Every structure is written in structure tokens, then in C-alpha cells.
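Atoms within a ligand are numbered from 1 in the order they appear, just like the ligands themselves. The first residue in the sequence is number 1, and the count goes up from there. The structure presented is a predicted model; accordingly, all values stated were derived computationally and were not measured.
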Amino acid sequence: MRIVDAAIPLLAGLSTLVEAQNVDFGKVYSVKPQLNNLCPAINNKDITDSKGKVYTIKCSSDTNVGSFTNKAATNSYADCMTACDTTSGCVAFSYVGGDLGSGSGTCWMKNSAGSAIAAGKNYVAGFLKSSKTSSSSAKTSTSTKKVTSTSVKASTSTSTKKTSSTKVKRATATTCSNPNNILYSYVSNPDTPTQFLVDTTLAGLAAAQWYPPAGYSTSFTSQLAGLFAPNYLGYQQLSSYNTSACAAYCNARSDCNAFNIYIQRTPTFIPDNSCPNPSGAAQITCALYGSYVSSSQATNIGQYRKDFMVVIQGSNGYNLNPAPASISTFQGPNALDAVAYSSNIYLGQKYFSSYDVTQCSSLCNTYTANSKANAQSSKSSTYTPCNYFNVFNLTLNGQPQLMGCYLFSTSNAANYDTYKTATDSSSGTVYNLTNSYGYALYPQDKGLTSVTWTAAPTGKNATCSSLGNAGDSYVDYNGVTYTLGCGYDVQYAADIGNQTTPDFYSCFAICDSGAYPGCSGFAYLGNTCYFKNLAGTSRTPQLNNYNVDMAWLPSYAGFNAYTVPGTVSYTTSTTVWAGPGSTTITTINGLAGTVLVKTSGSVPAATTTTYVTVTADQGTATTIATQTIAPTKGFTGTVSIIYPTAVTTCGNKGAAVGFYSNPVPGYQGTSAYPAFVPEQLKTSTPTATATAVSYIGEYNDASNGATIYGKSQTNNQLSTIALNHVFYVFAGHGTGYYYINIPAADDVALFWIGPNALSGYTRANAQLIQSWSVPTVATLGFYLTANTYTPVRLWFANGGGVGGLRFTMLAPDGAQILQSTANSNSGSMNADVVMFPCDSTNGKAFPAFGKET
Ligand SMILES: *[C@@H]1O[C@H](CO)[C@@H](O)[C@H](O)[C@H]1NC(C)=O
Ligand SMILES: *[C@@H]1O[C@H](CO)[C@@H](O)[C@H](O)[C@H]1NC(C)=O
Ligand SMILES: *[C@@H]1O[C@H](CO)[C@@H](O)[C@H](O)[C@H]1NC(C)=O
Ligand SMILES: *[C@@H]1O[C@H](CO)[C@@H](O)[C@H](O)[C@H]1NC(C)=O
Ligand SMILES: *[C@@H]1O[C@H](CO)[C@@H](O)[C@H](O)[C@H]1NC(C)=O
């Protein structure tokens with residue numbers, strides 16, 4: 001006989017809500033904070049008005065008496081009290097206005113109190129307390145109570161009379177032989193119909209079940225009669241007064257919508273002539289109905305079976321609820337025994353003035369989204385998700401006031417569905433929590449941000465060099481992979497913005513964030529990140545001495561950027577000149593080329609001055625100088641362009657070449673001659689060495705011997721000759737794309753430019769391969785900054801018989817740096833080719849042949 005406690009710990013008044021993490025429950029909360037002089041705080045209270053009269057107030061209630069007049073209420077239900085005071089004959093009123101008694105409305109005056117009946121929350125009933133005629137009725141606040149109290153008295157008195165009159169007379173000796181199977185079988189003491197009807201143990205069984213089983217609403221309780229109601233679907237006997245067990249029988253039938261559970265005084269033997277009045281016992285019956293049931297149908301008070309009087313106690317009726325809407329992504333609604341709560345998994349609550357379950361599912365989803373966002377911004381790998389919510393009606397006097405919504409982190413919240421009432425902590429009003437349904441997120445949110453966060457490095461730990469070496473991959477805290485370019489910069493590449501940060505590491509997050517759309521890398525100098533869009537660029541990062549560090553996304557080729565084939569577009573213009581014949585000049589600057597066709601013809605006018613341009617690689621300044629010499633005779637002047645050249649004061653002119661014997665002759669027929677792996681000769685002692693070489697190229701016809709770079713070679717030597725060329729190219733013709741071309745190699749040539757040329761070169765990382773077996777277009781553009789030195793290596797090998805190598809290098813303006821003469825051991829080389837820079841800070845010398853790495 002435990003009546004459920006009213007101790008749900010957190011119906012914190014309708015004004016104070018539990019705040020869940022980061023969800024603005026207050027902002028979306030649509031019910032006004034409750035004032036103490038309004039419903040529900042004033043429910044069942046005696047309120048004294050300004051004229052000293054006392055009214056008993058019933059919230060969400062009307063009276064069952066018609067009004068004889070009405071008056072306007074200006075501000076609240078309280079105006080009706082003073083209106084009633086000044087209206088002759090008025091002993092009660094019904095205020096119909098704003099919710100909870102607040103706001104303007106109408107006062108319906110009553111000249112007899114009648115009793116309160118449940119109504120909407122915009123109703124308030126008031127009963128003048130001093131009025132004797134109304135006081136007793138006014139206390140009977142609900143129809144349920146009224147029926148209960150009156151029928152207890154009525155039934156008790158009527159049946160008591162009958163029982164006592166019959167029972168005393170008949171004390172017959174009996175022979176009883178047909179026992180009834182009574183599952184519950186409690187016996188009242190004394191075993192009389194009268195005692196059965198007033199038995200508090202039995203009454204308590206029914207009263208304890210005032211709260212409906214899951215999925216049902218209580219229609220009536222504690223009636224002393226079963227039902228005479230339509231759509232009767234039969235009954236079951238139960239072993240205990242278990243409304244859930246009865247509901248289970250109803251749930252098993254799709255046509256069942258209500259049930260009646262009651263305790264019947266049942267004869268222990270079937271009464272007959274030899275057993276007219278056996279002893280009785282309590283039997284519990286569960287009767288099912290297809291239609292909703294109400295207390296007015298509870299009229300079956302029992303009957304005689306022979307001399308045995310069947311009477312009924314503890315009759316409760318329950319109606320099936322209409323289930324609330326289902327919500328996609330949530331499983332449910334699942335009817336709960338009551339409202340769930342457990343502090344370990346409870347996340348928050350909110351009340352809504354309209355019954356719309358999606359308000360609660362949205363709150364749950366918002367909670368999860370905010371919780372996840374918080375975790376991400378605080379770099380936490382877990383967050384608390386909302387995986388379950390519970391909706392219910394907050395009910396007063398049978399009238400739903402608000403829709404409650406509780407959020408939970410786990411779906412086992414349904415195991416804690418034991419809270420049947422809630423107390424408003426500010427007014428003390430106790431509400432019934434009805435129509436409780438749970439919804440479980442499907443699939444459940446595991447609450448993982450999918451990232452294992454580590455603290456971002458700071459200070460010295462946040463510099464480029466502490467994160468890795470140039471060329472290393474680095475995964476930043478957003479999980480984005482970059483290539484580090486510590487000590488490097490890509491000059492002239494499109495800067496798309498800059499931002500001051502405390503350290504190099506901080507640039508990653510800003511580039512990742514999308515704050516600079518298109519950001520695919522950055523350079524860091526001083527305290528500034530320079531964000532770059534490197535898409536499509538073939539500019540390669542350059543070592544620098546200015547403490548610039550870089551990082552870029554792998555979508556940009558980085559150190560290999562110059563291997564990105566450049567498509568040069570040409571513009572052709574034709575001009576008349578006074579020279580001896582037509583000539584074509586092709587210039588390439590970056591990815592733009594110009595073809596200037598000069599056609600011989602007449603000099604347009606006698607006074608026109610014509611200049612011819614001459615160029616010379618002989619400058620020592622760092623800029624390209626132009627001298628214009630005005631014509632002194634005739635009409636032709638000279639424009640002289642002087643390009644800076646490498647410093648050659650340290651015996652470093654030309655290229656160096658190591659001679660070797662190809663260890664894998666005869667395999668040159670296989671596509672691209674894969675057997676020739678030049679790194680295998682890194683530590684082989686060369687058979688000869690040439691320095692200050694003034695062209696790059698080789699030719700032998702397999703029958704006449706040849707002199708290669710000044711070294712006379714026999715046919716045998718030539719048939720397996722391998723040549724390892726090394727040099728630096730000085731970018732004397734300005735910043736821009738320099739071009740390599742290897743038109744022919746018999747049998748194979750491999751090329752490296754940049755750091756690998758000095759050390760670390762392999763066949764696999766060669767930037768250009770030309771071969772006899774599979775001749776290809778072998779052209780490469782690479783971007784050089786004016787006046788820098790860049791190391792170059794070219795391996796050549798003959799696999800047998802005739803051998804040959806041709807090699808061309810052009811400056812951005814089309815000037816030839818290197819050119820070999822076809823089918824000969826000769827060619828040209830300008831002053832930009834040196835074996836090593838005189839100042840080693842401009843580039844280290846190549847390791848000696850045979851001691852390479
Ligand atoms: C009531 O019946 C239900 C369903 O048959 C059962 O799960 C529950 O344990 C019963 N309760 C009691 C108190 O016997
Ligand atoms: C709870 O509210 C809903 C919507 O207003 C309604 O359908 C349902 O009947 C209410 N429950 C009770 C017990 O009044
Ligand atoms: C709660 O429900 C019971 C049974 O239906 C009823 O007697 C009682 O008045 C209700 N209380 C409120 C506050 O509605
Ligand atoms: C740098 O990293 C090391 C190793 O993780 C740590 O012990 C040290 O405190 C860090 N220093 C700073 C300035 O963050
Ligand atoms: C940094 O960006 C600002 C514009 O945001 C620009 O005015 C400034 O020139 C940039 N600084 C450098 C050094 O590029």
C-alpha cells in the first residue's frame with residue numbers, strides 16, 4: 001500500500017529550470033514565470049480579497065452552477081472576487097480569461113456554490129468561504145472524489161441492511177462440494193458482505209493504483225461496483241491487484257481500449273441447495289472493454305447466488321491513451337510506467353505550453369549538437385549526447401497544464417520510470433505526471449568527436465623545426481596533413497592574406513579554418529603567417545636565409561613543383577625590320593612565350609631609328625643591365641643587354657664529369673632501361689674525371705673511337721660508357737622558368753635538379769628520364785630566382801654499340817645556357833654553368849665521384 005512519493009527532485013517550479021550544458025532552455029521556454037498570487041500557487045488556497053472576504057480558489061476549474069450575471073475582470077481572476085463581493089446574491093464565480101488566472105476576462109457570478117468541475121487552465125473557480133450553503137460542496141473538488149465518497153456511503157449502507165437481515169436468519173449446516181478456484185483468496189474478518197465492503201486492506205489495494213499502468217489513463221478508482229458498459233470483451237482472474245497485468249491482457253487485443261479491475265466477494269464453493277451460503281474470499285477480476293469506460297457505468301454492485309451475497313470493492317477503470325506521434329530517428333513512443341529520472345543520466349528538462357513531441361526531440365538534438373561543438377572547441381574527444389527523451393503531461397485536476405520534456409544521455413532511462421507526481425518547488429502544488437512516453441535515439445550517439453586531441457604545442461615547441469624537417473609530413477590538430485618546409489619559402493606565389501600569430505603552429509588552424517579561402521599553405525616570418533593559394537603553381541620552394549618557414553598541403557607538389565609540366569602559350573607578332581633576312585625570336589617568360597617574327601623589308605621612314613639588340617653574359621652586377629647606344633652612323637643603334645654571370649674567380653668554370661663502366665650492358669632493349677640504376681655507382685671509383693667541361697653531350701659510332709670531354713676512349717670503353725655530369729646553374733637571366741630538354745639518349749639519361757642532385761639521388765626520384773628504347777618528350781621547366789645557384793646532375797649510360805646524348809638548357813628569355821651539337825662531341829655552354837659556387841653559402845660543392853651519398 002505504498003502511495004508513490006511526490007519527491008521527484010527537479011520539478012523546480014515552472015520558473016527555475018535545470019540548465020543543461022550549453023542548451024538555452026530558458027530562451028525557448030514559453031511559459032511565463034509564475035507569480036505567487038496566480039495559479040497554480042493559489043490552487044486549493046483560501047484567498048482574502050481587498051474587502052476582507054475569503055474565497056477558496058480552484059485552478060483550472062469551473063462550477064457546475066449556471067451564472068445569473070457577469071462582470072468584466074480587468075487584470076486577473078482577483079477582480080472576480082471584488083466583483084462577487086459587490087454583486088448581491090453572489091456566493092461563487094468562475095473566471096474565464098488568461099491562463100492560470102492572469103489577464104483580462106469575464107467573471108461569471110453564481111448564486112449557489114455547487115461544486116467545482118475540471119476545466120481548462122484559463123478557468124479559475126472561487127467559492128465564498130463564509131457562505132455556509134456552499135462550503136460542503138466546495139470541498140468536493142473533483143468528480144472522481146465526489147463519486148468515490150458518495151458511493152462508499154451509499155453502497156455500504158444499502159448492502160449492509162440486506163446482508164444483516166438475511167445472514168442472521170440462515171445458519172444452515174451445509175455440504176459444499178464444488179470448490180471455486182480463487183487465485184487471490186483473501187478473506188475479510190468477519191467474512192461478511194458488509195465487512196468486505198468496508199475492508200480497508202482491500203480498499204487500499206485499489207487506492208494504491210490511482211496511477212495508471214503504462215499507456216493508460218485512470219478513469220475512476222475505488223468504486224464499489226463493476227461496470228455495465230458496452231463492448232465487453234470478457235474477463236481474466238488475476239492472482240494480485242496488478243493493473244499492469246490487466247493492461248497486458250488488454251494490450252494483447254487490438255480491439256481492447258479500456259479495462260476494469262475489481263475485487264469481488266466470491267463464494268469458495270459454487271452455491272447450491274446443499275451449499276447455499278459458502279464462505280467467501282476476495283477474487284480479483286480484470287474485465288476488458290472495446291470502448292472507453294467511465295465511473296457512471298460502475299453500477300454492477302453484485303448479486304445473490306443462492307444465499308451467498310456477491311459484492312464488489314476496489315473497482316478501478318483505465319482507458320487506453322492515444323499514443324503520441326512517432327519521430328523519425330527515434331524509436332518509440334514507448335509507454336512508460338511513469339516519468340523517468342536518474343541523476344546520473346539526466347541532462348535537463350523543459351516544459352512546453354502545447355503538446356507537440358517534436359519540441360522535445362528538437363531540444364534533445366540541440367543538446368547533442370551543442371555538446372559536440374563544445375567538445376570540439378575545447379578539444380575533448382568525448383561529449384555527452386542526448387540519446388533519450390521522455391514526454392508527459394503535467395496534470396492538475398485531470399487537466400493537462402503543460403507538456404514536460406526530460407532529456408537523458410542513455411536509453412536505459414526507461415528503467416527509472418518511477419516518478420508519478422512532481423511538486424512545484426515555489427508553490428508546493430503537486431501535479432500528476434501522466435501520459436509518459438519515451439523515445440530512444442536510433443542509432444544511439446556514442447558521444448565521440450572521432451579525434452584524439454592533444455594539447456597544441458606552444459613556445460619553442462611550436463616552431464617549424466621542432467615539428468620536423470623540411471619535407472616531413474605533419475598532421476595538425478585538425479587532422480589535416482601538411483608537408484613541412486622549414487627554412488623554405490615560395491616567393492612570388494599568390495599570397496591571399498596574412499595574420500599575426502604567436503607561433504608557426506598557429507598558422508595551421510587558420511589555414512584549415514577557411515578564413516582564407518583557397519589556403520593551401522603558408523609561410524611564416526616574424527610573427528606573421530602569410531597564407532598562400534598554391535593551386536596549380538610549379539614554383540618550387542627555395543631555401544632562404546631569412547628565417548622564413550613554410551608548410552603546404554600535399555595537393556601542392558612542393559619540392560617537386562617544377563616537375564609539373566608547364567604548358568607554355570605563345571603570342572606571335574610580326575614586324576618589319578631592316579635586317580638582311582627574316583628571323584624568328586622566341587622568348588619564354590614563365591608560362592608565356594612570345595614569338596617575334598622579323599621580316600625584312602623597307603625601312604619605313606628615313607628618320608626612323610632602328611636598333612639592334614645584342615646580349616652578353618658577362619655582368620658582375622646582380623641586375624640585368626641594358627645599355628642603349630644611339631646610332632652614330634646611318635640609322636642603326638645598339639641595345640646591349642648584359643646579364644649577370646656566376647662568379648668564376650675560384651677555378652669553377654664549366655661542369656665536372658665522372659667516367660664509369662656501365663655495369664649492366666646489354667639490357668638497354670628493355671623499355672627505359674630499368675637495369676641501369678645510377679645510385680649503384682655512387683661509391684665506385686671513376687675510371688676518369690673531367691673538369692671545366694664546356695658542353696654537355698656525347699656521340700660514338702661504335703667503330704672509330706671518340707674523345708669525350710677531352711678523354712680519348714676506345715670502342716670497347718665507349719660501348720659501356722657511363723658519364724656522371726654535375727654542375728650548378730646560375731640564374732643569370734632573371735627570375736622565371738628555365739627549361740631543360742633531352743632530345744635523345746642512346747641508351748639512357750637521367751636528370752636531377754635541386755637538393756637531390758647533390759645527395760640522395762636515385763633512379764626512382766629522377767625528374768627526367770630519356771632512353772633509346774622508349775624515346776619520349778623529355779622537357780622540364782623549373783622556376784629559379786634571379787642570381788641563385790641550383791645544383792644539377794645528369795647521368796648517361798650506353799648499353800652497347802653506338803651511343804649518344806644531347807642536352808639543352810634555356811633561360812626564361814630563350815637564351816641558350818647549354819646546347820649540344822647533334823652527333824658530335826661538342827656544343828655550347830654559357831657563363832652560368834659552374835662546377836660549384838665560389839661562395840659556399842650559395843651552394844655546397846658536389847661530393848667527389850666515388851664518395852657520393
Ligand atoms: C504485475 O504484472 C506485470 C505483468 O504481468 C508483472 O511484470 C509484474 O511483476 C506484476 N507486479 C507485481 C507486483 O506482481
Ligand atoms: C496529454 O496531452 C495530450 C495533448 O494535449 C492529450 O492528447 C492527452 O490526452 C493528454 N493526456 C491527458 C491525461 O489528458
Ligand atoms: C492525480 O490523479 C488522481 C487519480 O486520478 C487524482 O485523484 C488527483 O486529484 C490527481 N491530482 C492532481 C494534482 O491532478
Ligand atoms: C615542449 O615539449 C616537451 C615535450 O613534450 C615538454 O616537456 C615541454 O614542456 C614543452 N615546452 C613548452 C614550452 O611547451
Ligand atoms: C597583410 O595583409 C594586409 C591586408 O589584410 C595588407 O594590407 C598587407 O600589405 C599585408 N602584409 C604583407 C606584408 O603582405
Side-chain angles (χ1 to χ4, degrees), residues 1-6 8 11 39-45 58-61 115-119 121 139-149 183-184 205-223 236-252 259 261 284 286 293-295 316-319 321 335 337-339 392-402 404 415 417-424 427-436 454-463 465-468 502-506:
M1 257 190 287
R2 289 169 295 107
I3 306 282
V4 175
D5 59 297
I8 191 163
L11 185 79
C39 286
I42 54 172
N43 189 41
N44 288 324
K45 298 253 167 76
K58 301 284 177 186
C59 293
S60 299
S61 299
S115 53
I117 55 171
K121 58 181 182 284
K139 276 178 193 153
T140 308
S141 61
T142 67
S143 53
T144 305
K145 273 186 186 166
K146 195 183 98 186
V147 172
T148 305
S149 57
L183 295 179
Y184 184 58
L205 290 176
Q209 301 307 319
W210 63 273
Y211 196 86
Y216 289 80
S217 290
T218 304
S219 175
F220 57 84
T221 57
S222 303
Q223 300 296 293
Q236 301 285 337
Q237 193 186 156
L238 302 180
S239 59
S240 67
Y241 199 97
N242 184 334
T243 55
S244 299
C246 190
Y249 285 114
C250 189
N251 291 341
F259 66 88
I261 180 171
I284 294 172
C286 163
V293 298
S294 67
S295 61
N316 289 4
Y318 303 90
N319 291 323
N321 293 326
D337 286 334
V339 168
F392 55 90
N393 287 344
L394 187 71
T395 304
L396 190 62
N397 298 332
Q399 294 299 307
Q401 308 288 314
L402 295 168
N415 298 342
D417 58 342
T418 57
Y419 291 89
K420 303 182 175 178
T421 62
T423 305
D424 181 334
S427 69
T429 303
V430 177
Y431 294 85
N432 283 345
L433 306 180
T434 62
N435 293 58
S436 180
T454 49
T458 55
K460 276 195 166 178
N461 290 352
T463 60
S465 57
S466 65
L467 303 177
D503 51 50
F504 176 83
Y505 188 81
S506 302

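- Taking the six-membered ring wherever Trp is involved, the centroid distance between the rings of Tyr241 and Tyr184 does not fall below 6.0 Å.
- In this structure, the side-chain hydrogen bond (donor to acceptor under 3.5 Å, both in side chains) partners of Ser294, at least two apart in sequence or on a different chain, are Ser296.
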Dump all N/O pairs between ligand 1 and the protein below 3.5 Å as a table: atom names plus distance, one pair per row.
residue: ligand 1; atom: 2 (O); partner: Asn242; partner atom: OD1; Å: 3.2
residue: ligand 1; atom: 2 (O); partner: Asn242; partner atom: ND2; Å: 2.3
residue: ligand 1; atom: 11 (N); partner: Asn242; partner atom: ND2; Å: 2.8
residue: ligand 1; atom: 14 (O); partner: Asn242; partner atom: ND2; Å: 3.4

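- Proximity of Thr395 to ligand 3, defined as any heavy-atom pair under 4.0 Å, is confined to the backbone N, CA, C and O atoms.
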How far apart are the C-alpha atoms of Gln401 and Ser60, what are their side-chain angles, what is the distance that settles it, and do they pass the side-chain hydrogen bond (donor to acceptor under 3.5 Å, both in side chains) test? CA-CA 9 Å; Gln401 308 288 314; Ser60 299; 3.1 Å; yes

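- At a 4.0 Å heavy-atom cut-off, ligand 3 does not touch Thr421 at all.
- Near Leu396, meaning under 4.0 Å from one of its heavy atoms, ligand 3 places the atoms 13 (C), 14 (O).
- Counted by atom type alone, Ser217 and Asn321 present one or more donor-acceptor pairs between their side chains at under 3.5 Å.
- A donor-acceptor contact closer than 3.5 angstrom links the side chains of Asn251 and Tyr216.
- Within ligand 3, the atoms closer than 4.0 Å to a non-hydrogen atom of Trp210 are 1 (C), 2 (O), 3 (C), 4 (C), numbered from 1 in the order shown.
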Worked verdict on Asn316 versus Tyr318 for side-chain hydrogen bond (donor to acceptor under 3.5 Å, both in side chains): CA-CA 7 Å; Asn316 289 4; Tyr318 303 90; 2.9 Å; yes

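- Interatomic distance, CD1 of Ile261 versus OG of Ser244, reported as 9.0 Å (0.5 Å rounding).
- The backbone and the side chain of Thr458 each have at least one atom closer than 4.0 Å to an atom of ligand 4 (non-hydrogen atoms only).
- Here's the thing with Asn397: one of its N/O atoms is less than 3.5 angstrom from an N/O atom of ligand 3.
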Please determine whether side-chain contact (heavy atoms from CB on, under 4.5 Å) holds for the pair Asp503 and Thr463, giving the CA-CA distance in whole Å, both sets of side-chain angles, and the decisive distance to 0.1 Å. CA-CA 6 Å; Asp503 51 50; Thr463 60; over 6 Å; no

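- Put simply, OG1 on Thr429 and CG on Asn44 are 8.5 Å apart, with the number rounded to the nearest 0.5 Å.
- Near Val430, meaning under 4.0 Å from any of its heavy atoms, are these atoms of ligand 3: 13 (C).
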